[in-house]
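Since the structure comes first, as structure tokens, the remarks are kept for the end.
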Amino acid sequence: MNVKEPENQYLTNNPSEIRGVIFDLDGVLTDTAEYHYRAWQKLADEEGLPFNREANEALRGVARRETLMHIIGNRQYPKEKIQEMMDRKNRYYVESIEDITPNDLFPGVLQLFDDLKQAGIKIAIGSASKNARTVVQKLGIADKVDAIADGYSVDRPKPAPDIFLFAAKLLGLQPAQCVVVEDAAAGVEAALAAGMFAVGIGPQSRFPRAHLVLSDLSGVRWDDLQAKLSRIR
Ligand code: B16
Ligand code: MG
């Protein structure tokens, strides 16, 4: 009899042992991915650098410096200019998140957080952003999350697994006990590299390797999500 080996070790994780969910922030809990894009677009326009929404797709979830490096390509700039451009983009971004309120949480997030609390599942934020704590405060969810791993937590950005491993450690959990919810291909790769379940949020085509893809979190209940993860084994 031909026994098919699982394609990767992560599918051997057991969904009934999940004890923590690590949520990416920008693009998963709120629409700040759009604000990041607009801030980069403004900078690129000012600098006469080619950039558009399509180019931004590949940069979803990518850290600030790495994003700028992609946008400038092989053009050469002094390091002071690089720093100035990063600071300028961040100023634009920080201005745009000033007015964020709890109403900016995506539909379904609070219900899912409540389900997780009821089920005794821990919640962490695993964001590449150095502004993550500000956004979490403004969204009014600081007291609902057990841990925050952000752009200050680790050196190697997504797709390295470090940010999610760091978040799991803060929760006191093993990687195999964690699910990551991500809107970026780089984030899904980071989750897989960490040995965690990876749920992609967005179009199926963005996540060829996620364990599960959902269009958004609206109406997503924990029991249902866990059942769906059980079916992929
Ligand atoms: P900052 P996430 C990421 O946050 C964003 O998706 C990405 O567009 C941004 O460049 C990165 O954070 C760094 O953000 O410049 O604020 O430090 O999606 O991982 O929550
Ligand atoms: Mg994101």
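Both ligands and their constituent atoms are indexed starting at 1 by order of listing. What you see is a predicted model; the values in this text were computed from it and never measured.
Inside a sphere of radius 2.8 Å centred on the Mg ion (ligand 2), the protein N/O/S atoms present are Asp24 OD2, Asp26 O, Asp183 OD1.
Remark: the Thr134 side chain and the Asn131 side chain contain no N/O donor-acceptor pair separated by less than 3.5 Å. For Tyr92 and Glu46, the side-chain atoms include at least one donor-acceptor pair closer than 3.5 Å.
Rounded to the nearest 0.5 angstrom, Tyr37 OH and Glu57 CD are separated by 11.0 Å. Considering OG of Ser218 and CG of Leu112, their distance stands at 11.0 Å, rounded to 0.5 Å.
In terms of the ring pair (Phe, Tyr, Trp, His ring centres under 6.0 Å) criterion, Phe207 has no residue partners (sequence neighbours excluded).
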In residues 177-196, what donor-acceptor pairs under 3.5 Å come from side-chain atoms, sequence neighbours left out?
{"from": "Gln177", "atom 1": "OE1", "to": "Gln174", "atom 2": "N", "distance (Å)": "2.8"}
{"from": "Glu182", "atom 1": "OE1", "to": "Ala184", "atom 2": "N", "distance (Å)": "3.1"}
{"from": "Glu182", "atom 1": "OE2", "to": "Lys158", "atom 2": "NZ", "distance (Å)": "2.7"}
{"from": "Asp183", "atom 1": "OD2", "to": "Arg60", "atom 2": "NH1", "distance (Å)": "2.7"}
{"from": "Glu189", "atom 1": "OE1", "to": "Arg209", "atom 2": "NE", "distance (Å)": "3.2"}
{"from": "Glu189", "atom 1": "OE1", "to": "Arg209", "atom 2": "NH2", "distance (Å)": "3.0"}
{"from": "Glu189", "atom 1": "OE2", "to": "Arg209", "atom 2": "NE", "distance (Å)": "2.9"}

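Near ligand 1, residues Asp24, Leu25, Asp26, His36, Gly61, Val62, Ala63, Arg64, Thr67, Lys89, Ser127, Ala128, Ser129, Lys130, Asn131, Lys158 each place a heavy atom inside the 4.0 Å sphere around the ligand atoms.
Using a 4.0 Å cut-off between charged side-chain N and carboxylate O, Arg91 and Glu95 make no salt bridge.
Side chain of Thr30 to backbone of Asp104: a donor-acceptor contact under 3.5 angstrom is found.
In this structure, Phe23 has its ring center under 6.0 Å from that of Phe113.
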